[in-house]
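These numbers were taken from a predicted model, which means no experiment stands behind them.
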Amino acid sequence: MLLAKDIPPAPGCEPDTSSTQISPDSIPVHPMGVKPLGNQYLASVPAARRSLGPLGLLPDETILQVLEYFDALSLKNIGRTCRFLYAFCQLDELWKALFLKTSSQPPPAWRGSWRSTYLNAPGGRRPGVDCTNVYSDVLHRPFACAHIDLSKYSSGIPDVNQIRRFERLGYDDFAQNWSSVPFILTDCIQRWPVYGDWNIDELNRRYSKAEFRAEAVDWPFSTYHEYIYNNDDESPLYLFDRWFAEKMNIRIGHDTDAVYWPPECFGPDLFEVLGEERPAHRWLIIGPQRSGSTFHKDPNATSAWNAVLEGSKYWIMFPPAAQVPGVYVSADSSEVTSPLSIAEWLLEFHAEARALPGCVEGVCKAGEIVHVPSGWWHLVVNLEAGVALTQNFVPRSHLADVLSFLRDKPDQVTGFKRDIECPYDLFVERLGVQHPELLDGAFHELEQRKQTKKRKWEEAVGGNADAGYDSGGFSFGFGADDDDKIP
Ligand SMILES: O=C(O)CCC(=O)C(=O)O
Ligand SMILES: [Fe+2]
């Protein structure tokens with residue numbers, strides 16, 4: 001039952017929660033005074049939850065799930081009934097979901113929060129209700145995650161984990177020694193016309209009206225520009241646009257008017273044989289501080305490079321066969337569940353992950369480029385707002401990996417146009433015409449891998465080769481140097 005006494009007090013009774021006030025763990029005090037659940041046991045005043053009566057027995061997660069069914073008016077109304085529900089109904093994730101569900105159009109303006117933007121109300125006002133006796137992890141945790149100190153995670157990298165850094169690298173050296181190793185090139189993109197030219201403010205001057213894709217929305221750059229510098233989202237909306245070249249009317253490649261070109265050290269990109277039929281392979285990436293990519297492997301066993309034009313990114317990576325803490329892979333490796341936000345993963349798993357063999361970390365600054373080898377797990381977070389360009393490619397040294405991925409994991413192949421029935425057949429056909437010697441070499445490599453696995457299996461089962469070896473989909477893990485991408 002909701003009690004009348006818990007109706008919010010008149011404005012003017014707000015707690016003093018100016019954002020300069022910092023708690024001992026460097027997280028500012030919640031703007032409404034909400035505290036973690038554990039604090040309830042030390043509190044001298046009764047918890048606001050009492051006013052829910054028997055409903056207060058429901059876990060906070062369930063209360064939030066129920067509120068997800070409410071429309072804007074219902075949220076506003078139920079939020080007026082008591083302090084506890086007032087705090088819940090202010091939760092910006094609820095308003096973000098409402099916005100994404102109901103508006104296909106960009107908002108007239110970004111107003112600093114999803115709630116203000118959805119209601120087209122002035123932003124920047126502090127909620128006028130004292131919620132200092134609301135104790136809830138469901139409410140406090142996203143706020144704490146939106147204010148974690150990222151430098152705590154990106155600094156103090158153990159020497160053994162440091163990602164290799166090179167000023168320059170030649171193709172032969174890459175192909176022979178480094179195509180399966182993450183590294184940062186520090187002196188490679190300085191001659192690109194976009195370097196020093198593309199930054200968030202300049203892009204806003206030139207392309208303010210152009211619409212770019214940021215997750216589920218297409219917003220004019222001017223709106224996204226406002227969002228970048230004025231949001232408190234735990235997982236900020238990330239601009240990841242594959243059609244940027246068309247939208248910006250720019251050329252990429254080796255023409256004289258190209259604004260950037262792929263670094264030469266990575267050599268020829270064998271997916272180029274697919275021409276117009278190749279899957280999406282380049283993206284403009286722009287995001288606020290704290291935005292980024294949760295743990296994943298890049299599609300179709302491709303490798304990638306990622307060049308920072310503005311800002312800096314913290315990368316943490318693991319080899320293909322690693323079991324990354326907090327990342328769960330289904331038995332057939334087709335589903336990857338990484339349910340935690342970047343901030344939650346850092347809080348819960350970073351220390352454990354950093355101590356594991358194979359962990360590689362580094363900060364890629366503006367002017368630098370990261371190499372992500374085929375099959376490597378990576379999580380990336382922007383330490384500052386910034387702009388990056390990324391491309392996926394197939395180097396010669398990973399042709400066999402890409403062929404076996406397309407052939408053996410057809411249900412996981414992504415990015416090809418729908419009318420291409422069998423990407424593997426198409427790729428083999430085109431390679432056969434344009435690079436028959438590379439195709440033969442890759443098939444030979446795959447045959448050798450198969451023989452090696454068979455031999456290891458025979459050794460493991462004491463010579464009984466028929467006891468379980470399945471040449472079509474071998475799934476027994478032999479440790480870090482195993483060829484399978486996912487254990
Ligand atoms: O810049 C980022 O957020 C990382 C993007 C990514 O995963 C990649 O380039 O492969
Ligand atoms: Fe990636």
Side-chain angles (χ1 to χ4, degrees), residues 23-27 36-39 61 137-138 140-165 180-184 233-236 238 287 289-298 304 306 312-364 370-383 475-482 484-487:
S23 64
D25 56 0
S26 312
I27 292 171
L37 184 61
N39 290 34
E61 288 79 2
D137 288 340
V138 164
H140 192 268
R141 199 166 171 84
F143 170 76
C145 283
H147 292 87
I148 60 164
D149 176 7
L150 291 173
S151 66
K152 241 171 71 178
Y153 303 97
S154 62
S155 61
I157 298 175
D159 285 349
V160 290
N161 289 15
Q162 288 282 357
I163 194 164
R164 298 290 301 244
R165 299 174 78 84
S180 296
V181 181
F183 57 79
I184 291 177
D233 287 346
E234 173 185 350
S235 303
Y238 207 17
Q289 188 185 45
R290 297 190 311 281
S291 61
S293 308
T294 54
F295 265 109
H296 67 281
K297 291 181 174 189
D298 275 8
N306 182 303
S312 59
K313 290 175 191 283
Y314 169 68
W315 288 75
I316 179 164
M317 304 199 217
F318 283 91
Q323 289 193 337
V324 183
V327 177
Y328 308 99
V329 180
S330 64
D332 68 351
S333 82
S334 62
E335 304 279 337
V336 177
T337 316
S338 181
L340 302 179
S341 70
I342 292 173
E344 279 179 312
W345 188 88
L346 290 171
L347 280 165
E348 300 265 340
F349 293 107
H350 183 263
E352 179 191 343
R354 180 171 259 186
L356 291 176
C359 177
V360 173
E361 307 169 66
V363 173
C364 185
V370 168
H371 166 238
V372 188
S374 166
W376 276 65
W377 292 102
H378 48 290
L379 172 145
V380 187
V381 61
N382 284 294
L383 301 175
S475 62
F476 187 90
F478 285 107
D481 65 346
D482 186 56
D484 280 346
K485 290 292 154 215
I486 301 174

Quick check against the 3.5 Å criterion: does R290 have a side-chain atom that pairs as donor or acceptor with the backbone of P236?
no
Sequence neighbours excluded, which residues qualify as side chain to side chain contact (heavy atoms under 4.5 Å, CB included) partners of L37?
Q40, Y135, D137
Please confirm whether the backbone N or O of I316 pairs with a side-chain atom of W377, one donor and one acceptor, at under 3.5 Å?
no
Can you find a heavy atom in the side chain of P373 that is under 4.5 Å from one in the side chain of P182?
yes
Can V336 and K297 be said to form a side chain to side chain contact (heavy atoms under 4.5 Å, CB included), step by step?
CA-CA 9 Å; V336 177; K297 291 181 174 189; over 6 Å; no
Quick one: CH2 on W376 to CH2 on W315, what's the gap to the nearest 0.5 Å?
12.5 Å
CA sep, side-chain torsions, deciding dist, call: T294, L340, side chain to side chain contact (heavy atoms under 4.5 Å, CB included)
CA-CA 8 Å; T294 54; L340 302 179; over 6 Å; no
Quick one: SG on C359 to CD on Q162, what's the gap to the nearest 0.5 Å?
10.5 Å
What residues, two or more places apart in sequence or in another chain, satisfy side chain to side chain contact (heavy atoms under 4.5 Å, CB included) together with Q289?
L150
So, taking the atom named CD1 in I342 and the one named CZ in F295, what distance separates them when rounded to the nearest 0.5 Å?
10.0 Å
Would you compute the distance between atom CG of D233 and atom SG of C145 and round it to the nearest 0.5 angstrom?
12.5 Å
Donor-acceptor pairs under 3.5 Å, side chain of residues 153-160 to any protein atom, not counting sequence neighbours: which ones?
from	atom 1	to	atom 2	distance (Å)
S155	OG	S151	O	2.6

Tightest non-hydrogen contact, residues S293 and Y238, listed as OG-CE2, 3.8 Å
To the nearest 0.5 angstrom, please state how far the CG atom of L347 sits from the OG atom of S341.
8.0 Å
Name all residues meeting the side chain to side chain donor-acceptor pair (under 3.5 Å) criterion together with H378; count only those two or more places apart in sequence or in a different chain, and write none if there are none.
H296, D298
Kindly determine whether H140 and N39 satisfy side chain to side chain contact (heavy atoms under 4.5 Å, CB included), including the steps that lead there.
CA-CA 11 Å; H140 192 268; N39 290 34; over 6 Å; no
Kindly give the heavy-atom pair with the smallest separation between F349 and P325, and that separation in Å.
CD2-CB, 3.8 Å
Any idea which heavy atoms bring P319 and G358 closest together, and the distance?
CD-O, 3.3 Å
Between R141 and E348, is there a side-chain N and carboxylate O pair less than 4.0 Å apart?
yes
First locate atom CG of N306, then atom NZ of K313, and finally report the distance between them rounded to the nearest 0.5 Å.
5.0 Å
Applying side chain to side chain contact (heavy atoms under 4.5 Å, CB included), name anything that partners P357, two or more places apart in sequence or on another chain.
none
Sequence neighbours left out, what passes side chain to side chain donor-acceptor pair (under 3.5 Å) with R164? Give chain and number order.
none
Hey, does the side chain of N161 reach the backbone of R354 with a donor-acceptor pair shorter than 3.5 angstrom?
yes
